[in-house]
Q: 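One structure is given below, represented as structure tokens, and several questions about it will come after.
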Amino acid sequence: MEFSAQMIASFLEGEVIGNPDAAVSSVAKIEEAKSGDLAFLANPKYEHYIYDTAATIVIVAKDFAPSRPVDATLIKVDDPYGSFARLLDLYVANKPQKSGISPLASISEKASVADDAYVGPFAVIDDGAVIGKGCKIYPHSYIGMGVRLGDNVIVNSGVKIYEGCVLGDNVILHSGCVIGADGFGFAPVDGRYKKIPQIGNVVIENDVEIGANTCVDRATMGSTVLRRGVKLDNLIQIGHNVVIDHDTVAAAQVGIAGSTKIGANCMFAGQVGVAGHITVADKTQIGSQAGVGSAVKREGEVLLGTPAFHARDFQRAFMVFKELPEMRREIAALKRELAELRGDK
């Protein structure tokens, strides 16, 4: 399907600079685009690409003023990145959609599946599960007993959702993620570790997206909860009874230990570790590889390091870390001079 510059500009409420009939049928990065592609320029450091790009149309900011001629047709908008994202949504919506229930799927007679849901080959839906309107269950996924999926949930290949978990609308689960496996609960008894039954569940609210091979453990009792709009990257571990408030995001390899409460609108960079049974205030930002071992009480803190502390203090300390070997030599020299002045033998 082709879209003209004028059609795209009308959709984005933008202004066409160049040929309004220029047409595109695919999207690409500005540095890799070819004829027939749509690209965008949002970051000024990539501006040099626009003068050589083969893209037919490029979305730019309204205040963009080229320093030399540009061959591509431009569409000027308020927010190039956001506008491009809207177009990608439109592009995805126009792709062919899977539908129907495969004869190779295994669906319990005690399950309820909406008429317009898609269930792929070798997917399994167990007793008492409820699958909402517009859901897509891709091959080799497992929906456990009593699981409830809201509307328009996407369960990609190889996802496992254990018994009793509840998902809201528009949730996306990527391949290999596991929802509702047992939390890490063991009690020392007579020198050995006895398993504590994990009888709670996981509750995932609307508009949550969870990356590939991420695990969200079920609660010992009650629920592990991901509030509306939470976004988790690949390879993340969320422990039992954790609660993550709305619109918090976490990059790959984050680990949050059991019973910790994470606030709203927080941002966790890659490989952050958070201890159990603590709270993290709203709008906290934690840098890569930081280790949070105690409660973060003030809203909007920016933390770095292990143990994590305020980013400005960490940066000052880091400058000292690099100078420690030289400082050690200077202190040793000063000690020798002092000993000579005192006449120490």
Q: Count the heavy atoms belonging to other residues, nucleotides or ligands that lie under 6.0 Å from OH of Tyr81, then report whether that count exceeds 12.
A: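 Count not over threshold, so no.
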
Q: Hey, would you say the Tyr162 and Tyr142 ring centroids sit under 6.0 Å apart?
A: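 No: the rings miss the under 6.0 Å criterion.
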
Q: Would Asn234 and Asn213 count as having a side-chain donor-acceptor pair, cut-off 3.5 Å?
A: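 Short answer, no.
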
Q: Identify the two heavy atoms, one from Val280 and one from Cys266, that lie closest to each other, and give their separation to 0.1 Å.
A: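 Heavy atoms of Val280 and Cys266 come nearest at CG1-SG, 4.4 Å.
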
Q: Quick one about Asp37 and Ser26 (side-chain donor to acceptor, distance below 3.5 Å, no hydrogens or angles considered), yes or no?
A: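 Side-chain D/A pair, Ser26 to Asp37: present.
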
Q: What distance separates Ile57 CD1 from Ile75 CD1, expressed to the nearest 0.5 Å?
A: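 That separation rounds to 5.0 Å.
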
Q: Working to the nearest 0.5 Å, report the span between CG of Asp151 and SG of Cys135.
A: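 Asp151 atom CG to Cys135 atom SG measures 6.5 Å (nearest 0.5 Å).
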
Q: Taking salt bridge (charged side-chain N to carboxylate O under 4.0 Å, His left out) as the test, write out the residues that go with Arg192, two or more places apart.
A: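 So Arg192 forms no salt bridge (charged side-chain N to carboxylate O under 4.0 Å, His left out) with any residue.
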
Q: Would you compute the distance between atom CG of Asn201 and atom OG1 of Thr224 and round it to the nearest 0.5 angstrom?
A: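 Atom-to-atom, Asn201:CG and Thr224:OG1 are 7.5 Å apart.
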
Q: Tell me, please, which residues at least two apart from Asp247 pass salt bridge (charged side-chain N to carboxylate O under 4.0 Å, His left out).
A: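 Arg228.
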
Q: Just by distance, do the side chain of Thr56 and the backbone of Thr73 share a donor-acceptor pair under 3.5 Å?
A: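 Such a contact is absent between Thr56 side chain and Thr73 backbone.
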
Q: Is any side-chain heavy atom of Asp182 closer than 4.5 Å to one of Arg218?
A: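 Side-chain contact under 4.5 Å: yes.
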
Q: So, for Ile125 and Ala111, which heavy atoms are closest and what is the spacing to 0.1 Å?
A: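 Looking at all heavy atoms of both residues, the shortest contact is CG2-CB, 3.8 Å.
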
Q: Check whether Ser102 reaches the backbone of Phe122 with its side chain - one donor and one acceptor, N or O, closer than 3.5 Å.
A: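 Here the side-chain-to-backbone pair does not exist.
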
Q: Taking the side chain as every heavy atom from C-beta outward, state whether Asn152 and Asp169 have any pair of such atoms under 4.5 Å apart.
A: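 No - every pair of side-chain heavy atoms lies 4.5 Å or more apart.
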
Q: So which pairs with a foot in residues 179-218 pass ring-ring contact (aromatic ring centres under 6.0 Å, His included), sequence neighbours left out?
A: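 Non-adjacent pairs meeting ring-ring contact (aromatic ring centres under 6.0 Å, His included): Phe184-Phe186.
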
Q: Over 60° means perpendicular and under 30° means parallel, so classify the ring planes of Phe321 and Phe318, tilted if in between.
A: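 Judged by the thresholds at 30° and 60°, the geometry between Phe318 and Phe321 is perpendicular.
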
